[in-house]
Amino acid sequence: MNDMNEKCAVVGVFGVKGASQIAYFGLFALQHRGQEAAGICSNKDGRFHMIKDRGLVTRVFSEKKIKKLKGDMAIGHTRYSTAGDDSILDAQPVYARYDLGELAIVHNGNLTNAKEVRDQLIRRGAIFQTFMDTENMIHLIAKSEKDRLIDRIVDALHRVEGAYSFVIQSRSKMYAIRDRFGFRPLSLAKLGDGYMVASETCAFDLVGAEFIRDVKPGEMIVFEKGKTPKSIQVFEPDPHKCIFEYIYFARPDSVVFGKNVYNLRKRMGEELAEELPVEADMVVPVPDSGVAAALGYSQRSGIPFELGIMRNHYVGRTFIEPTQELRNLKVKMKLSPIREVIDGKRLVVIDDSIVRGTTSRQIVSMLKEAGAKEVHMRISSPPTTDPCYYGVDTPEKDKLISARMGTEELCEFIGADSLAFISIEGLVRSVGNDKNYCKACFDGNYIV
Ligand code: AMP
């Protein structure tokens, strides 16, 4: 069982003709945040229409299907989940009929008290359809004693803990909500006479929506026909924005938490070059995750940038994972070295993170086989030593290689000539010395 609601994307469109089409394009732009399943729920005059299925956004939807999703309101979701829990039931939006009508919810994040709340609800007779923590919200809203939906949502929000960016659709309104820590991003834009919210601003760019601002930590924005959106500060903000959004998650063209992702990744590379210089002939990125940092490293160090590793973009999720041998094949399917570029050369290879160590180990051996004289791995994040409970899909602590090995031992394990990670201070410097970030995956400091 997997009751986690991992790295995902959400969108919401309100007061726009053909809202489901806009939601579709929004999800298309956010596909990098989850490839497991996709779904859209639209609403025409209070009647809900929903399509969700496993697979990529382009597989789940066709023009014909989008046409069925009528109305000028729509919410959408793309889901990422770890292997073994691929049930269609666990795709979003989560939909329900209840005493006030119909309701649909999409969620990016992870509720840390999900099990506790769920067990309580089940003891009181609730029947769950999915393993998702998001379903708790539906039950809490349906069971609240309050009369108005908005008060019921606020009630429910006081019962859940952890990370959430929610978009909720009722028969006449849409609600965009971010937890008080602001772990996961959620941004607001204007689109024609209506509005759009999305996990990342790259969704706005594709449909020509104009970015207004982020939904604030602890804020709920209520969208109602013919009215300007109303902001309600449900909780006192206590920002702990996920720094991993900048390192790996978000698309480089997005503005996340007010800053462009590409520029910050380059800064991390510059920081790496300063903190951890090495003598080499070329800087080679692990595509695509290491490209921006490698450019920064190259520009700061003066060592030329070369695309010594090619990436096959057509490798989706593969089902071959049972043995280490096959896991290795998976990396090979995705990445291959250009012998003519790297043969006889000393390389600084840049990637964004080491999680289990599979990728780095494979890359080093691949590069050496292709003739690299030296391989110096430089990682634009600190060692990932602790799992994330706030929505990033990291394995349990005992599978995190940096929780088990120090840098020297890990260097030997991956077979590199040297290995170094950016320092936590260096990382914080590169994101502008802002202290309001969650770095729990690197320092184990969990706020909830
Ligand atoms: P590993 O092979 O387990 O060490 O994974 C490291 C690689 O996975 C790096 O190249 C990262 O770009 C990528 N990565 C890091 N975090 C995640 C994540 N949460 N989901 C999927 N891939 C990731």
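Counting starts at 1 for both ligands and their atoms, following the listed order.
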Any N/O of F249 closer than 3.5 Å to an N/O of ligand 1? no
Considering non-hydrogen atoms of the protein only, which is the closest contact for atom 17 (C) of ligand 1, and what is the distance? Y248 CE2, 3.5 Å
Would you call E271-R267 a salt bridge at under 4.0 Å N-O? yes
Could you check atom 7 (C) of ligand 1 against the protein and tell me its nearest heavy-atom contact, residue, atom and distance included? T359 OG1, 3.6 Å
Any ion pair linking E200 and R251 (charged N to carboxylate O, less than 4.0 Å)? no
Return the residue, atom name and 0.1 Å-rounded distance of the protein heavy atom closest to atom 19 (N) of ligand 1. D393 O, 3.2 Å
Who's the nearest protein heavy-atom neighbour of atom 20 (N) of ligand 1, and how far? K7 NZ, 3.6 Å
Looking at K115 and D133, is there a salt bridge between them, counting it only when a charged N and a carboxylate O are closer than 4.0 Å? no
Please state which protein non-hydrogen atom is closest to atom 10 (O) of ligand 1 and give its distance, to 0.1 Å? D351 OD2, 2.7 Å
Compare every heavy atom of F166 with every heavy atom of L186, then report the nearest pair and how far apart it is. CD2-O, 4.1 Å
Who's the nearest protein heavy-atom neighbour of atom 1 (P) of ligand 1, and how far? R356 N, 3.4 Å
Partner residues of E369 under the salt bridge (charged side-chain N to carboxylate O under 4.0 Å, His left out) criterion, sequence neighbours left out: none
Check: R184 side chain, R178 main-chain N or O, donor-acceptor pair, under 3.5 Å: no
If you have a sec, work out which protein heavy atom is nearest atom 11 (C) of ligand 1 and how many Å separate them, to one decimal? D352 OD1, 3.2 Å
Residues two or more places apart in sequence or in another chain: which of them pass ring-ring contact (aromatic ring centres under 6.0 Å, His included) with F25? none
Taking 4.0 angstrom as the limit and counting only heavy atoms of F244, give me the atoms of ligand 1 inside it, by number and element. 16 (N)
Given S289, S353, S360, which has its nearest heavy atom closest to atom 6 (C) of ligand 1? S353
Show me which atoms of ligand 1 lie under 4.0 Å from any heavy atom of G357. 1 (P), 3 (O), 4 (O)
Taking D417 first and then K368, would you say they form a salt bridge - that is, a charged N and a carboxylate O separated by under 4.0 Å? yes
